[in-house]
Amino acid sequence: MNAFALLPQTTRRQLLASALVAAGVLGLPAGAAWAQAGAKGGAANLAMIGEPQSLDPMISATDLVGTIMQHVYEPLYTFDAQWNIKPLLAEGMPAISADGLTYTITLRKGVKFHNGKEMTADDVVASLTRWMEVSARGKAVAQEGVTLAAKGPLTVEFKLKAVYAPLLAHLAMPSGMAGIMPKEAVAAQLKDFIGTGPYKLKERKPDQYTVLARFDEYAARSEPASGYAGKREALLDELRFVPVPNATTRVEGVLSGQFHYSDLLQVESMGRIEKGAPNVVPILTQNFGFPYIVFNTKEGVLAKKELRQAVQTAMGPAEMLQAGFGDKRFFAAEPNFFPKGTPYYSDAGAKQYNQKNPQAAKDLAAKAGYKAEPIRIMASRQYEFHYNMALVMAEHLKRAGFKTELQVVDWATLVQRRNDAKLWDVYMTHSGLFPEPMLSPPQMGSGAPGWWETETKKAALQAFNGEPDVAKRGPLWGKVQGLIYDEVPFVEVGKFNALSARSAKLQGYAPMPWPFFWNTSLAK
């Protein structure tokens with residue numbers, strides 16, 4: 001195992017990506033094939049899984065957009081390497097009133113946007129108002145009755161109707177980011193992508209590349225770098241994000257030296273990448289992310305809870321994981337949403353996990369009035385493990401007497417179709433595990449595809465989110481987890497790890513769930 005770095009401190013990144021419409025290795029800007037650089041200067045070629053659906057980090061909550069645009073936009077808070085919340089554009093942690101309903105945040109002085117303007121509280125209020133209107137995360141915050149206002153040139157005040165423990169975690173997330181922009185740039189559809197980050201947007205050619213250039217007037221924090229927190233320095237002149245949907249091509253590209261980083265590779269390519277040492281460094285991000293299956297609770301055959309319970313009874317997640325990942329280094333079949341040793345570990349609902357009981361499922365379905373309607377399972381082969389798991393799931397359901405219809409579409413189409421409740425019954429996706437349960441999956445909030453909205457959910461989450469003490473929140477999470485197994489809005493299949501790779505020339509790279517490239521340089 002000494003040929004690659006095990007990274008137990010990192011959490012498996014959410015993998016949801018946006019439109020994957022490019023094919024093969026696409027053209028780079030002139031001179032991009034090789035980047036010769038020392039400690040400062042040069043350009044890094046970064047092979048990503050596809051074309052970003054948008055460059056708007058609020059409207060798109062996909063990780064691909066977050067990965068790229070976190071270099072351009074910054075939030076008030078972020079996470080360090082241990083997933084503690086730390087200030088970024090905020091001067092420090094907020095002053096919180098005794099009743100927990102008022103957060104007063106002082107902003108850093110002298111932070112400049114890419115257009116040269118200095119950031120003020122008015123910019124923050126305008127940006128976060130838009131975030132609460134267009135971002136799924138922002139809407140979740142707005143639904144809690146959160147309001148904000150400028151209380152001076154560098155002071156912002158949040159007012160809450162009730163204690164809401166996840167507030168700062170929502171503000172810190174790179175995906176669906178609460179990024180700050182000049183108030184003049186705020187619009188329903190962004191035309192100018194202007195942030196405060198160490199890099200600014202230089203050029204985008206859809207299906208070819210997105211190029212970011214160093215922002216020379218970037219105002220870095222002084223604290224030591226840790227995860228996404230602390231000092232950020234743009235050592236590279238340019239970051240060139242290249243859409244490469246074919247994972248084999250991403251492997252070949254990093255092995256040949258064409259790419260300095262290749263994201264999300266097939267697990268079976270581990271051996272080849274290990275053989276590429278010392279020129280290539282495999283990265284096994286070993287911790288807990290999870291594939292999960294979303295059910296349509298609003299319309300269609302599975303709108304009835306009892307039928308979703310029957311489907312859950314028929315499924316065998318352990319076999320699905322084996323089909324999806326093969327190598328046991330990359331998955332674990334576990335019913336708990338959070339690992340042992342964390343505040344949110346719970347065995348609630350464990351008896352409903354991995355039953356693979358076709359007869360019991362058939363009996364439950366008959367009792368619920370199932371009349372052989374087809375269950376439409378939507379999956380994309382651009383995430384091959386989605387497709388492989390969907391095949392096994394369909395077989396499990398057939399054994400229990402269900403009719404199934406497997407709809408195989410590209411990821412961009414799935415992302416679009418899942419918003420229409422009339423088009424599907426089940427879709428395959430995956431997410432990551434974060435220190436705050438309300439951060440993922442989006443079905444924990446309100447309005448996400450699947451439309452899980454029940455009074456029992458509302459009551460359980462109200463109790464959980466209204467308790468700021470982590471020690472007390474743990475048992476309350478157990479009740480939420482038990483409710484998920486009972487109402488079956490989604491099924492967590494298990495846990496998985498993932499593989500990426502970098503060139504040994506890319507120095508200073510610090511693995512985190514969303515890869516970032518400030519503080520990195522290229523060896524000559």
Any side-chain donor paired with an acceptor under 3.5 Å for [X] and [Y]?
{"X": "Thr62", "Y": "Gln53", "result": "no"}
{"X": "Ser500", "Y": "Asp263", "result": "yes"}
{"X": "His386", "Y": "Tyr427", "result": "no"}
{"X": "Tyr292", "Y": "Gln443", "result": "yes"}
{"X": "Glu436", "Y": "His170", "result": "no"}
{"X": "Gln70", "Y": "Trp514", "result": "no"}
{"X": "Ser269", "Y": "Arg250", "result": "no"}

Between [X] (side chain only) and [Y] (backbone N and O only), is there a donor and an acceptor less than 3.5 Å apart?
{"X": "Thr297", "Y": "Trp451", "value": "yes"}
{"X": "Tyr199", "Y": "Leu239", "value": "no"}
{"X": "Glu51", "Y": "Asp207", "value": "yes"}
{"X": "Asn465", "Y": "Leu461", "value": "yes"}
{"X": "Arg308", "Y": "Leu302", "value": "yes"}
{"X": "His71", "Y": "Ile68", "value": "yes"}
{"X": "Arg130", "Y": "Ala188", "value": "yes"}
{"X": "Glu373", "Y": "Val301", "value": "no"}
{"X": "Asp425", "Y": "Ile375", "value": "no"}

Would you call [X]-[Y] a salt bridge at under 4.0 Å N-O?
{"X": "Arg381", "Y": "Asp410", "value": "no"}
{"X": "Lys422", "Y": "Glu299", "value": "yes"}
{"X": "Glu319", "Y": "Lys356", "value": "yes"}
{"X": "Arg376", "Y": "Glu405", "value": "no"}
{"X": "Arg329", "Y": "Asp327", "value": "yes"}
{"X": "Glu238", "Y": "Lys202", "value": "yes"}

### Cation-pi check, Arg240 onto Tyr209 ring (under 6.0 Å, within 45° of axis)
no
### Query
Going by the angle between their ring planes, with limits at 30° and 60°, are Phe337 and Phe490 parallel, tilted or perpendicular?
tilted
### Task
Just say parallel, tilted or perpendicular for the rings of Phe496 and Phe385, cut-offs at 30° and 60°.
tilted
### Task
Assert yes or no for the condition that the ring centre distance of Phe338 to Trp477 is strictly below 6.0 Å.
yes
